[in-house]
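Down below is the structure, laid out as structure tokens.
Just so it is clear, the model here is predicted, and its values are computed rather than measured. Nothing fancy with the numbering, it's 1 onward along the sequence.
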Amino acid sequence: MDPATPREQEPAPTVALAVGARLDGLDAARALAFTGMVLAHFAHAVRVDDPGWLQAIDGAADGRAAPLFCVLLGVGVGLLIERGGDDRMLVRRGLVLLALGLALWPVVDRVWLILPHYGVLLLAAPGLRRVPTRWLLPVAAGLFLVPATVTALVGATDLRGVTQPSRYLDLLDPVALAGQLAWTGGYPLVGWTGFVLVGLWLARQPLRDRRALVRLLVAGVAVAALQPLAAAVARAAEPSSVVEPAAWWRPWVDGQAHSSGSAWYILASATAVAAVAGCLLVGERGSLLRPLVPLGRMALSAYLAHLAVGAAFVWRWRDDARPSLAVQMALALVVVAVGAALAAAWGRGGRRGPVEVVLRAVSDRRPPPTAASAAAARSGT
């Protein structure tokens, strides 16, 4: 779900990894993120006999899909700027996504809606992209530390609250709305902005160089593999009784999905870097990723469609039938497979998704040429 990445082809480069493979790899990573989002939203362990390994997959999907989307947002912004995109385009796309998110926010009550936060992140992109490359990761790390530090120093802060706007009237309170977006919503921007900075840093790496991609893949996997260690350290910080407080340092080492703990932000970032690098490497062998590319190219349309499917069928069925986690995950994968097939049929010839077409029609429009600019264009100056 990245409205920032261009799809136009450029002349074949003399570097190791072709541009087409790079873009296909990013689209495949976006489809992977969408798959994780569907698993997180459609599958939830509700029975004690659900296998532990399935619960682990469900937990990984819950804690890694949305960060991967935001890292890909940063990558897309970086590539768009590389191709000559301007700040006005980013702002227009951000405004459209924010408006769409606010329109849907009160009617989506079963999942945390990411679109409003995604729109604000795009609005912030003109400023974020001006951060020097050497400062991108340090600033991201600083943002990853903020929620845990505030929690540790202040205590209960309502970080990632348990509600989101349920009435359109709630959106008329600018202070409450800003609080939902920046601090108490499902994707607190105070920390999630760091994911976009990681993506911007990734976009400035030599993504056409196989050796660089291998290094990114190995580094990402090595850091992401620290998840069990982070879980063990977090357990050590748990109180030994209900009357004892957790250790003061627990917010920094909490790697649980969406905990806003510093460890979770870092682990999720590493997983996203590994996923992007891996998809770019595999993207060289286009046939392996071909089924995923159309779905990733229209991830925004697919995201909105999966919300409609969830509201019309999945969540009510899950509440009434209480199926096993295996059945829920199988249904989620069927939904993804159907979405991929529809995307492939719709996207023949490189056609974008319907929502993406509208988004670009609104955000990428150019001002009408003046008489002077038209004359300059005709003269070749």
Side-chain angles (χ1 to χ4, degrees), residues 1-8 30 33-34 37 66-67 69-108 111-131 143 164-165 167-197 199-200 203 297-305 307-308 352-368:
M1 191 175 60
D2 190 345
T5 305
R7 289 292 306 176
E8 293 82 359
R30 205 167 291 118
F34 172 72
M37 188 78 79
F69 267 132
C70 286
V71 169
L72 285 166
L73 173 63
V75 175
V77 167
L79 295 182
L80 184 62
I81 297 305
E82 177 186 310
R83 297 290 301 273
D86 57 23
D87 291 344
R88 288 174 297 178
M89 181 183 296
L90 295 173
V91 169
R92 286 195 294 263
R93 291 185 183 185
L95 287 173
V96 172
L97 286 179
L98 177 60
L100 179 61
L102 293 179
L104 293 176
W105 217 351
V107 299
V108 177
V111 300
W112 297 104
L113 189 69
I114 197 174
L115 285 179
H117 305 79
Y118 209 75
V120 174
L121 288 171
L122 258 181
L123 288 173
L128 298 177
R129 77 179 185 88
R130 286 172 168 79
V131 177
L143 291 173
Q164 58 186 6
R167 304 174 303 164
Y168 287 106
L169 186 62
D170 297 335
L171 303 179
L172 300 180
D173 184 341
V175 175
L177 180 61
Q180 280 276 348
L181 290 168
W183 192 255
T184 63
Y187 307 94
L189 294 176
V190 66
W192 282 71
T193 305
F195 290 133
V196 179
L197 292 174
L200 284 169
R297 195 176 300 159
M298 53 188 75
L300 179 57
S301 298
Y303 176 82
L304 296 174
L307 292 177
R352 301 181 189 277
V355 181
E356 285 80 1
V357 169
V358 174
L359 177 65
R360 282 165 173 76
V362 173
S363 65
D364 298 2
R365 66 183 187 277
R366 304 290 184 183

Practice problem: Would you sort out whether Leu359 and Leu100 count as a side chain to side chain contact (heavy atoms under 4.5 Å, CB included), showing the intermediate values? | Solution: CA-CA 10 Å; Leu359 177 65; Leu100 179 61; over 6 Å; no

Would you mind writing out the side-chain donor-acceptor pairs for residues 298-305 within the sub-3.5 Å range, not counting sequence neighbours?
| from | atom 1 | to | atom 2 | distance (Å) |
| --- | --- | --- | --- | --- |
| Ser301 | OG | Val355 | N | 3.0 |
| Ser301 | OG | Glu356 | OE1 | 2.5 |
| Tyr303 | OH | Ile114 | N | 3.4 |

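- The line from CH2 of Trp192 to CG of Leu121 is 9.5 Å long, rounded to the nearest 0.5 Å.
- No side-chain donor-acceptor contact under 3.5 Å links Gln180 to the backbone of Leu171.
- With rounding to the nearest 0.5 angstrom, the CG atom of Leu123 is 5.0 Å from the CG atom of Leu95.
- For the pair Leu102 and Leu177, the tightest heavy-atom approach, listed with the atom from each and the gap, is CD2-CD1, 4.0 Å.
- Shown here for Leu90 and Ala125, the closest heavy-atom pair between the two residues is CD1-CB, 4.0 Å.
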Practice item. Evaluate side chain to side chain contact (heavy atoms under 4.5 Å, CB included) for Leu113 paired with Leu307, printing each intermediate quantity in order. Key: CA-CA 9 Å; Leu113 189 69; Leu307 292 177; 3.7 Å; yes

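- Under the 4.5 Å side-chain criterion, counting only non-hydrogen atoms from C-beta, Leu128 is not in contact with Val77.
- Taking every heavy atom of both residues into account, Ala203 and Gly78 meet most closely at CB-CA, 3.8 Å.
- The distance from the CG atom of Leu80 to the CD atom of Glu82 is 10.0 Å, given to the nearest 0.5 Å.
- Using a 4.5 Å heavy-atom cutoff, the side chains of Leu72 and Phe195 are not in contact.
- The distance from atom CH2 of Trp112 to atom NE2 of His117, rounded to the nearest 0.5 Å, is 8.5 Å.
- Between the side chain of Tyr187 and the main chain of Pro67, no donor-acceptor pair closer than 3.5 Å is present.
- Closest heavy-atom contact between Gly194 and Leu143: N-CD1, 3.8 Å.
- Once rounded to the nearest 0.5 Å, the distance linking CG of Leu122 with CZ of Arg92 reads 12.5 Å.
- Across all non-hydrogen atoms, the minimal contact from Leu115 to Gly101 is CB-CA, 3.7 Å.
- Atom CG of Leu200 sits about 9.5 Å away from atom CZ of Arg129, to the nearest 0.5 Å.
- When side chains are defined from C-beta on, Phe69 counts as touching Phe34, because their heavy atoms get closer than 4.5 Å.
- Asp173 contributes no side-chain N or O that, together with a main-chain N or O of Asp170, makes up a donor-acceptor pair within less than 3.5 Å.
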- Let me see the working for Arg93 and Arg360 under side chain to side chain contact (heavy atoms under 4.5 Å, CB included), right down to the final yes or no. CA-CA 8 Å; Arg93 291 185 183 185; Arg360 282 165 173 76; 3.9 Å; yes

